[in-house]
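Below is one structure, written out as structure tokens, with a few remarks after it.
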Amino acid sequence: MIIGGGTGGMCLAHGLKRAGVEVAVYERYGSRSDGLYGYRVGIDPTGNRALKQCLPPELFDTFVATCARGPRHFNVLTQSMHATASIPLRDDSDEVNSERSVSRSTLRQVLFTGMEDVVRFGKEFTHYEQHEDGTVTAYFADGTTDTGDVLIAADGTRSKVREQYLPHAQIKDAGITSIATKTALTPEIRALLTDEMLNGINLIFATKGLIGMLHVMEFKWDADGNPKNPADAALLDSWNGLQFDNTRDYVNLSVWSSHDHFPEGTVDQRGTELIATALEVTRNWHPNLRRIFELSDPEAAFPLRISTSVPVEPWKTTNITLLGDAIHTMTPGQGVGANTALRDAALLCRELVAAAHGEKSLLSALADYEAEMIPYGFARVADSLDNNGTSGDDPLYKPGTGRLALFAARTYFSLTSKIPALRRKFLEDLYTYRGAEDPA
């Protein structure tokens, strides 16, 4: 029994179903059309590998086909759109060793495909009971229950399962507020961006203690949902996910900083009020960037107070376990949250299938999963706090050290971009960390 139909939970469910292991997913949303948030998720080689392991081959092909065009550059900009660095990235032709851009809502539709017999919608988990016969019963807000051999928490940062099972496991405020926006990629918006920005991942190191990120998402279908390239027609036409997904080409532009750089109550704002706040804090940014905020969809904008898990010591293994944000919530600093959840799913799938085949006991399988997952999961949590200013304690946000830290960050990326040896090392470290194999 998997609580939560997010990326990690659904990847695991696919893998178990393919292996013939009986599985059910309990999703709190009422249907596969609910909970669609169209923001970018970067799927790295670790995530690609997990999806390829768990998904049916034809569905993995659909995943690849429904990704946005891959980024060609890693750009570092100032708030005035001056390019501090532009580092070429590998292309996305390798189905595993690539950095892919996917809309969260589109990925959701891919993962729900073919799982009508597995997913139970409208099931809000409340609590569980473990029994002496080795089973566990899950209880839901609608008064229903279900009983199985294993209960898996895939219910995110505010996991109800974790709250009961590991009440000492804490989630803390990372000290960062973020505003994320989504803007349709119209000809006007396209004209505001350089070619490098259109084709890259853009990190903005701004003055006044602000950092931004801009991604351009271009898909293989047009505004009417028709394939742009006839070669993609057969696959896209055969996939029913676009019936539930209104994703079209768009730009994500976000800004974040420590809480004190935003007005009180920003996290409670929505719509045009939130867009106005984004414009206010970025009042010295380039007019082209501010125009993207101005033309963004107010209904799609959202604020976020970034959270992070506090590491916990290994616990005694039972027939309850956790994956993804339910156990190791991390900041977006390294961009590996979803990929770590996928890594969890692939690992847990292998262990549960081994138990189902009688190769080890169920508790041994779960213990082996946790012995591997806990160290790498919390290592990623620590890494995410030490990257791109995703901790409120970062010197970038301090009045006395902010200018020096900003100068150091810009200088580092400028030198990395210009010096071949540094550029090669940056890319090698980046791809190694994100799970790529040596292309040689």
Side-chain angles (χ1 to χ4, degrees), residues 1-17 23-32 34-37 39 41 50 54 104-105 107-108 111-112 115 118-130 136-172 304-310 312 315 317-332 337-349 352 366 369-370 373-374 377-378 380-381:
M1 302 185 294
I2 301 172
I3 306 301
T7 301
M10 289 305 300
C11 180
L12 171 61
H14 273 283
L16 294 176
K17 180 181 178 180
V23 58
V25 175
Y26 305 85
E27 170 59 45
R28 65 185 178 90
Y29 287 112
S31 75
R32 68 183 285 180
D34 297 333
L36 298 181
Y37 301 100
Y39 285 82
V41 179
C54 293
R104 187 179 297 276
S105 59
L107 179 59
R108 177 178 170 85
L111 293 174
F112 279 144
M115 300 295 274
V118 169
V119 181
R120 281 73 159 143
F121 289 104
K123 295 296 183 182
E124 182 181 351
F125 173 86
T126 59
H127 64 287
Y128 66 81
E129 287 184 5
Q130 291 172 287
V136 56
T137 297
Y139 292 79
F140 302 95
D142 62 2
T144 61
T145 65
D146 210 347
T147 299
D149 299 306
V150 183
L151 180 69
I152 299 163
D155 49 344
T157 300
R158 289 175 286 278
S159 170
K160 290 283 188 66
V161 180
R162 185 194 65 243
E163 186 178 299
Q164 181 179 354
Y165 188 57
L166 300 175
H168 60 288
Q170 300 296 310
I171 301 294
K172 71 176 183 179
L304 189 65
R305 287 175 72 96
I306 305 298
S307 299
T308 185
S309 292
V310 177
V312 295
W315 53 88
T317 298
T318 73
N319 60 348
I320 295 173
T321 195
L322 311 92
L323 66 77
D325 286 348
I327 182 58
H328 45 62
T329 291
M330 60 193 72
T331 79
N339 295 289
T340 307
L342 289 170
R343 179 179 178 180
D344 294 348
L347 172 61
L348 182 53
C349 181
L352 289 174
L366 292 171
Y369 161 70
E370 291 170 353
M373 177 273 293
I374 293 171
F378 286 117
R380 292 296 188 263
V381 170

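- Two residues are said to be in side-chain contact when any heavy atoms from C-beta on lie closer than 4.5 Å; L151 and T137 fail this criterion.
- Of all the heavy atoms in L342 and A50, the pair that sits closest is O-CB, 3.2 Å.
- Applying the side chain to side chain donor-acceptor pair (under 3.5 Å) test to T340 and every residue at least two apart in sequence or in another chain returns nothing.
- Listed for the D344 side chain is a donor-acceptor partner under 3.5 Å among the backbone atoms of G324.
- Contact between V161 and F125 at its shortest, heavy atoms only, is CG2-CE2, 3.6 Å.
- The heavy-atom pair separating G9 from A154 by the smallest distance is CA-CB, 3.8 Å.
- In this structure, T144 OG1 and E124 CD are separated by 11.0 Å, a value rounded to the nearest 0.5 Å.
- A search for side chain to side chain donor-acceptor pair (under 3.5 Å) contacts involving R120 returns nothing, not counting sequence neighbours.
- A 4.5 Å side-chain heavy-atom check between T7 and V41 finds every atom pair outside the cut-off.
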Self-check item: Intermediate values then yes/no, side chain to side chain contact (heavy atoms under 4.5 Å, CB included), L352 and I152
Solution: CA-CA 11 Å; L352 289 174; I152 299 163; 3.9 Å; yes

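- Considering every non-hydrogen atom in both L111 and M10, the closest pair reads O-CE, 3.1 Å.
- Atom OG1 of T157 and atom NE2 of H328 lie 11.0 Å apart (nearest 0.5 Å).
- In this structure, OH in Y128 is found 11.5 Å from CD1 in I3, a value given to the nearest 0.5 Å.
- If you take OG on S159 and CG on D325, they are separated by 10.0 Å, rounding to the nearest 0.5 Å.
- Under a 3.5 Å cut-off, the side chain of R343 and the backbone N or O of M373 do not form any donor-acceptor pair.
- Taking each heavy atom of V312 and H168 in turn, the nearest pair found is CG1-CD2, 4.1 Å.
- To the nearest 0.5 Å, the span separating OG1 on T329 from CD on Q170 amounts to 12.0 Å.
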Exercise. Could you check V150 against I2 for side chain to side chain contact (heavy atoms under 4.5 Å, CB included), going step by step and ending with a plain yes or no?
Key: CA-CA 8 Å; V150 183; I2 301 172; over 6 Å; no

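- Take E129 and apply the side chain to side chain donor-acceptor pair (under 3.5 Å) test, not counting sequence neighbours, and it matches Y139.
- Residues M115 and H14 are in side-chain contact: their nearest non-hydrogen atoms beyond the backbone lie under 4.5 Å apart.
- Rounding to the nearest 0.5 Å gives a distance of 8.0 Å between CE of M1 and CD1 of I320.
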Self-check item: Pair I171-R158, side chain to side chain contact (heavy atoms under 4.5 Å, CB included): steps then yes or no
Solution: CA-CA 8 Å; I171 301 294; R158 289 175 286 278; over 6 Å; no

Quiz item: Taking it one step at a time, do W315 and L322 satisfy side chain to side chain contact (heavy atoms under 4.5 Å, CB included)?
Solution: CA-CA 12 Å; W315 53 88; L322 311 92; 3.8 Å; yes

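- In plain terms, the two heavy atoms of V23 and A13 that are nearest each other are CG1-O, 3.8 Å.
- If you look at F121 and F112, their ring centroids are closer than 6.0 Å.
- Residues Y26 and D155 are not in side-chain contact: their nearest non-hydrogen atoms beyond the backbone lie 4.5 Å or more apart.
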